[in-house]
Protein chains: 2
Amino acid sequence: MSTERENEHPASRGGAAFLLAQLGAHAAQRFADRVAELELTPAQAGLLRLLAQAPGHSQRELADMLGMPPSRFVPFADGLQERGLIERRRKPGDRRVHALRLTDEGMELLARLRTVARAHEEDVCQALSPDEHQQLIGLLRRIADQQRLTPGVHVGYRRLR
Amino acid sequence: MSTERENEHPASRGGAAFLLAQLGAHAAQRFADRVAELELTPAQAGLLRLLAQAPGHSQRELADMLGMPPSRFVPFADGLQERGLIERRRKPGDRRVHALRLTDEGMELLARLRTVARAHEEDVCQALSPDEHQQLIGLLRRIADQQRLTPGVHVGYRRLR
DNA sequence: TATTGTTATACTCTATAACTATA
DNA sequence: TATAGTTATAGAGTATAACAATA
């Protein structure tokens, strides 16, 4: 074991915060590569997930959740609508709002997306045993809760490609 | 304990890969906020770190390490040079290359940067006990090694602000 | 001829703000 | 008057490729 080497520059690999940023960028890039095979960007995948979890929201609400301005949300949703994955419905009570929901085709793609996500998870965590994998998830969730991060949504969805 | 709630939507919080991406983006943003007080971007901080660790490299080599094209590296280094933090020296053997190194002022700023990084680490990991903190670092390093990530450098440095 | 550093330029991404329709 | 959705536009960020100096 090269313990001397490891202690040579204590900060050279960074602490947990640096490793999180480094691994986070790496995991996000690998995920982007994978969902590109479904002709989706990570942001589009995030919206599909969000619509499955919370259908019927207005575009403005969804834009807020994803951390993008409403003006950017419009062409973003356009792309998915043109592909028949989501649909806009006028809300009967207030005809200003367009409530968004998944189409059947969108739900089918979401199922394939979940398969991709499982493969991605296995790929990223292949260095760990099943026990360690669960241990890591536990630690990360504790941090995410304490840092008040919204479950299931992250800022990386702001970039569209 | 709301175990029912937790199992309601198994994928709603994401696995380790999602949490890594989410927390990574969060940690990177918090770090950006902190180093902004030193009037540095994360990419500039990364270059200072890199020059301390490996001085004397050519701009092209450094650009490769940071994952940016040489044409972008030029104005990037210009900013730090104008502030007197780094210096360009013609390499005697090959007058085409500009070897970069930290100035004394640059080394002083790097020291302050390390203080900021320590505070950042404590902030991000305050949910964990010291033992758990070390446990997390161990797990993350195992993943980083297996995924062949270069210690101390990450792709997020590509964006300059 | 090849390579380093640099500059020029075209292209993409992004946010702000103006506009419309409904309320 | 205020709000949802949309469109227009200007600004920043980015990469590709052309250029000058040195090898």
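Quick note on labels: first sequence line is chain A, next is B, and so on, each numbered from 1. Everything quoted here is computed from the prediction, not taken from an experiment. Values below: every heavy atom of this structure, side chains too, minus hydrogens, waters and symmetry copies.
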| message | Rounded to the nearest 0.5 Å, what separates atom CG in B/L66 from atom CZ in B/F76? | response |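 The CZ atom of B/F76 is 6.0 Å from CG of B/L66, to the nearest 0.5 Å.
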
| Would you say B/Q53's side chain and B/L50's backbone share a donor-acceptor pair under 3.5 angstrom? |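 No; judged by distance alone, with no hydrogens or angles, the pair does not exist.
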
| field | Common cluster, B/V155/A/F31, ILVMFWY with side-chain heavy-atom separation under 4.5 Å | value |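 No.
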
| Counting heavy atoms not belonging to B/D33, are there more than 12 under 6.0 Å from its CG? |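 More than 12 within 6.0 Å, yes.
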
| query | Once you round it to whole Å, what is the distance between P of C/dT4 and CZ of B/R88? | reply |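 Interatomic distance, CZ of B/R88 to P of C/dT4: 15 Å.
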
| message | Once side chain to side chain donor-acceptor pair (under 3.5 Å) is applied, do any residues pair with A/R96, and if so which ones, sequence neighbours excluded? | response |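 For A/R96 the side chain to side chain donor-acceptor pair (under 3.5 Å) partners, ignoring immediate neighbours, are A/D94.
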
Every protein N/O lying under 3.5 Å from an N/O of nucleotides 21-23 of chain D:
residue, atom, partner, partner atom, Å
D/dA23, OP1, B/R95, N, 2.7

| task | Take atom NE2 of A/H98 and atom P of C/dA21, then tell me their distance rounded to the nearest Å. | result |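 It is 12 Å, rounded to the nearest whole Å.
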
| Nearest-Å distance for atom pair CZ/P, residues A/F76 and D/dT7 |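 Spelled out: CZ on A/F76 to P on D/dT7 is 17 Å.
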
| Between C/dG5 (C1') and B/L100 (CG): distance, integer Å |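 Interatomic distance, CG of B/L100 to C1' of C/dG5: 11 Å.
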
| Rounded to whole angstroms, how far apart are CZ on B/R60 and C1' on C/dT3? |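 It is 7 Å, rounded to the nearest whole Å.
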
| field | Distance in angstrom units between A/L62 CG and D/dG5 P, rounded | value |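 Rounding to the nearest Å, CG of A/L62 and P of D/dG5 are 9 Å apart.
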
| message | Tell me which residues in residues 63-73 of chain B lie within less than 4.0 Å of DNA chain D, going by non-hydrogen atoms. | response |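 Of all residues in residues 63-73 of chain B, the ones placing a heavy atom under 4.0 Å from DNA chain D are B/P69, B/S71, B/R72.
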
| said: On a heavy-atom basis, which atom in B/G14 and which in A/R141 lie closest, and how many Å separate them? | reply: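 Heavy-atom minimum between the residues: O-NH2, 3.8 Å.
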
| message | Same cluster or not: B/I86 versus B/V153, using hydrophobic residues (I, L, V, M, F, W, Y) connected whenever any side-chain heavy atoms lie under 4.5 Å apart? | response |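 Yes, because B/I86 and B/V153 connect within a single hydrophobic cluster, where side-chain heavy atoms sit under 4.5 Å apart.
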
| task | Say whether B/V124 and B/L139 are linked into one hydrophobic cluster, either directly or through other cluster members, by side-chain heavy-atom distances under 4.5 angstrom. | result |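 They do share one cluster, since a chain of ILVMFWY contacts under 4.5 Å joins B/V124 to B/L139.
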
